[in-house]
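Let me begin by presenting the structure, written as structure tokens, before commenting on it.
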Amino acid sequence: MSIAGFVEPSAGQILLDDSDITALPPDKRNFGMVFQGYALFPHMTVADNIWFPLKVRGVSKANAGDRVRNALDLVQLGHLAERYPSQLSGGQQQRVALARALVFEPALLLLDEPLSALDKKLRADLQWELKSLHHRLGTTFIYVTHDQEEALSMSDEIVILRDGKIEQQGGPGDLYEKPATRFVADFLGKSNFLEGSVSGTQSDRFDYAIGEQTLVQAGKPDHQKVDGKVLVSLRPEKMVIADQRPDTVNAVTGTISAFNYYGSTYHFQVATRDLGDLIVTSPAWTCSIEPSIGNDIWLGWQPDASVVVRDR
Amino acid sequence: MHASLRRIYWWLIAPAVLLMLVFYIYPLVQVLWISVTDPVPGLGNYMELIERPLIHRIWMTTLRVCVITTAVTVIAGYAVAYAMCHVGDRHRTWMMFCVLLTFWLSVLIRAFAWVMLLRTEGIVNSGLQELGLIDEPLRLVRNEFGVIVGMVHFMLPLAVLPIYSNMTGIDTRLISAARGLGASPIGAFTNIYLPLSKPGLIAATILVFVFSLGFFITPALLGGGKVVMISEYIQVSFEETLRWGQATMLSSTLLFSVLLSLALVARFVDLKKVFGAR
């Protein structure tokens with residue numbers, strides 16, 4: 001809302017290509033905006049909705065014709081120009097909102113949870129479409145979402161905010177594979193957290209102990225707490241689950257306490273003696289164990305499968 | 001629906017229908033009947049509409065006062081309703097209370113209150129004189145100005161309520177959207193808010209205009225016999241000059257002009273939608 005200009009920031013500046021736009025009202029920023037719930041004007045046809053940003057910039061309807069048509073073609077809705085928003089499906093309304101936000105070639109496109117009102121399948125289709133549109137136009141998109149998967153799949157660059165401060169910034173792969181903090185690891189995707197005392201350090205790996213279990217972690221024992229403990233984030237899909245002890249460096253035994261079947265994957269909850277409850281995912285078609293509650297199994301992972309994070 | 005159940009519903013509304021027929025439709029038909037039979041059968045009474053300058057003048061006064069009253073009331077009502085939509089909850093409750101307060105006061109008391117305020121020795125004139133803004137007291141009552149002031153005051157809730165109820169249905173995010181797409185505050189209002197509040201404006205205009213056309217007490221008291229509107233003249237014809245033929249003719253014409261103005265509006269807007277039946 002501050003980027004759009006609707007809310008004045010309590011401190012700091014907003015810069016667009018080095019020029020300060022903090023004090024500019026929304027209409028002077030020349031940003032395209034797609035709102036949650038689309039906010040199409042119900043008393044105007046699709047074509048008039050798309051003409052609107054041009055109209056308020058002093059372009060007559062006759063002169064805007066080509067640009068409106070191009071914008072409609074861009075979202076493949078040329079045939080619906082004379083309909084009213086109430087006659088369109090959610091996905092179509094979404095596309096109109098997009099065409100309306102792009103027709104005046106804005107400096108930036110702001111998308112505020114644009115797909116949150118759509119069902120899952122349509123959402124996935126539009127995600128592909130948005131990405132290809134972004135690719136073709138080259139305009140910068142700022143995409144606000146509460147859906148972590150969407151954040152990963154849609155972005156070149158992700159900024160994770162916590163209490164108004166930047167927690168971590170980077171490409172989706174960087175953030176997922178190398179989360180800097182417990183918050184980021186927990187926010188993007190799922191993660192198990194292992195907290196242990198460092199018991200031995202080599203050049204490129206170190207040992208840490210949790211209860212009677214000693215585990216090996218690649219890297220350096222960074223971010224130690226006052227009592228010498230480290231926190232390790234371990235993604236559920238980076239463990240192997242097996243009947244026998246797997247030939248990984250780290251291996252623990254556990255008991256399946258619950259599981260869910262998702263078609264492509266199994267999600268397990270495994271109770272272990274020293275590490276507490278762990279969540280583990282495994283591709284369903286290659287799953288080598290019998291998925292049943294109470295089954296005793298082994299979990300194994302390599303030292304570089306997990307990552308040391310700061311505890312905050 | 002079950003047939004026997006439907007019969008019960010018909011019986012349930014029967015008393016109301018009967019009441020309407022006996023006490024409303026029947027007298028109305030009688031009014032129409034008298035207007036073409038008294039004193040002699042024929043359209044003689046209606047010829048007066050064309051022939052008598054006095055009736056022309058009364059009709060013109062009525063229309064002028066009604067149009068001005070409607071315009072002022074609807075604009076003022078729009079401003080009040082707009083404010084009510086954009087203040088906090090506590091303020092809104094108070095504003096609604098003040099709007100409805102005028103409903104609960106007798107129309108007679110309100111008309112007399114305006115006479116007290118606006119008369120030559122009234123608080124408005126003496127106040128203006130104290131301030132040295134005027135030398136002679138202004139004539140504020142017993143003319144169309146006074147009538148319009150009183151009528152606007154009476155009609156205001158009738159304008160505020162439909163406009164307000166329409167405005168509460170407008171999604172304020174649309175205004176943000178318009179601003180975000182480059183519209184100035186005024187541009188967003190004229191392009192988005194105003195068209196979306198049109199149904200409320202039309203409902204208020206119809207309501208106020210129709211009410212004004214047949215309004216009696218306020219014009220009679222604040223006009224003080226100088227501003228004679230159609231309903232006052234009807235009353236005079238019925239009770240003082242005892243010309244029932246003329247009185248019923250004027251009543252019928254009033255009825256027809258209300259229906260006519262509704263029909264005119266209906267050509268341009270969907271009235272069922274405006275009044276929430278659809």
Side-chain angles (χ1 to χ4, degrees), chain A residues 1-7 24-45 48-59 61 64 68 71 84-86 93 96-114 117 142, chain B residues 74-75 78 81-83 85-89 162-206 265-278:
Chain A
M1 290 313 256
S2 285
I3 302 178
F6 293 113
V7 177
L24 279 187
D27 46 305
K28 297 280 189 309
R29 297 196 176 192
N30 203 34
F31 290 174
M33 294 179 200
V34 175
F35 296 82
Q36 209 173 350
Y38 328 129
L40 297 180
F41 305 129
H43 59 298
M44 296 182 188
T45 61
D48 284 353
N49 260 284
I50 297 173
W51 171 45
F52 182 82
L54 298 173
K55 183 184 175 189
V56 296
R57 285 171 173 77
V59 182
K61 197 167 188 172
V68 169
Y84 282 90
S86 58
Q93 290 187 33
V96 175
L98 204 59
R100 186 177 66 173
L102 289 169
V103 70
F104 57 100
E105 286 156 21
L108 187 74
L109 184 66
L110 291 175
L111 301 117
D112 183 12
E113 301 198 43
I142 293 184
Chain B
V74 169
I75 292 169
Y78 193 89
Y82 187 86
C85 283
H86 290 84
V87 295
D89 284 338
I163 295 174
Y164 174 72
S165 112
N166 169 251
M167 277 181 181
T168 51
I170 297 177
D171 186 352
T172 49
R173 285 181 309 178
L174 294 176
I175 305 304
S176 306
R179 298 270 282 130
L181 292 166
S184 64
I186 293 169
F189 178 79
T190 53
N191 283 302
I192 309 299
Y193 203 85
L194 197 59
L196 287 176
S197 54
K198 210 171 75 184
L201 274 174
I202 292 168
T205 306
I206 296 172
V265 174
R267 288 194 59 154
F268 302 107
V269 289
D270 187 349
L271 282 186
K272 278 188 181 165
K273 207 172 181 177
V274 165
F275 287 109
R278 183 180 293 175

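Reminder, nothing fancy here: chain letters follow the sequence lines and each chain counts from 1. What you see below is based on every heavy atom in this structure, not just the backbone, and it leaves out hydrogens, waters and symmetry mates.
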Next item on the list: Measure distances from A/F31 to the heavy atoms of chain B and classify the residue's part below 4.5 Å as side chain, backbone, both or neither.
Entry: backbone
Next item on the list: Could you look at A/K28 and say if it's the side chain, the backbone, both or neither that has a heavy atom under 4.5 Å from chain B?
Entry: neither
Item checked: Stacked cation flag A/R57 on A/F104, 6.0 angstrom / 45 deg -> yes
Item checked: Portion of B/A178 that has a non-hydrogen atom of chain A nearer than 4.5 angstrom -> both
Check: Which bit of A/Y38 is near chain B, if near means a heavy-atom gap under 4.5 Å: side chain, backbone, both or neither?
Finding: neither
Margin query: Working to the nearest 0.5 angstrom, can you tell me the gap between B/Y193 OH and B/I170 CD1?
Written below: 4.5 Å
Next item on the list: Output all residues satisfying side-chain contact (heavy atoms from CB on, under 4.5 Å) with A/H43, sequence neighbours left out; order by chain, then residue number.
Entry: A/F41, B/I192, B/P195, B/L196
Next item on the list: Report yes if some heavy atom in the side chain of A/R100 is under 4.5 Å from a heavy atom in the side chain of A/L40; otherwise report no.
Entry: yes
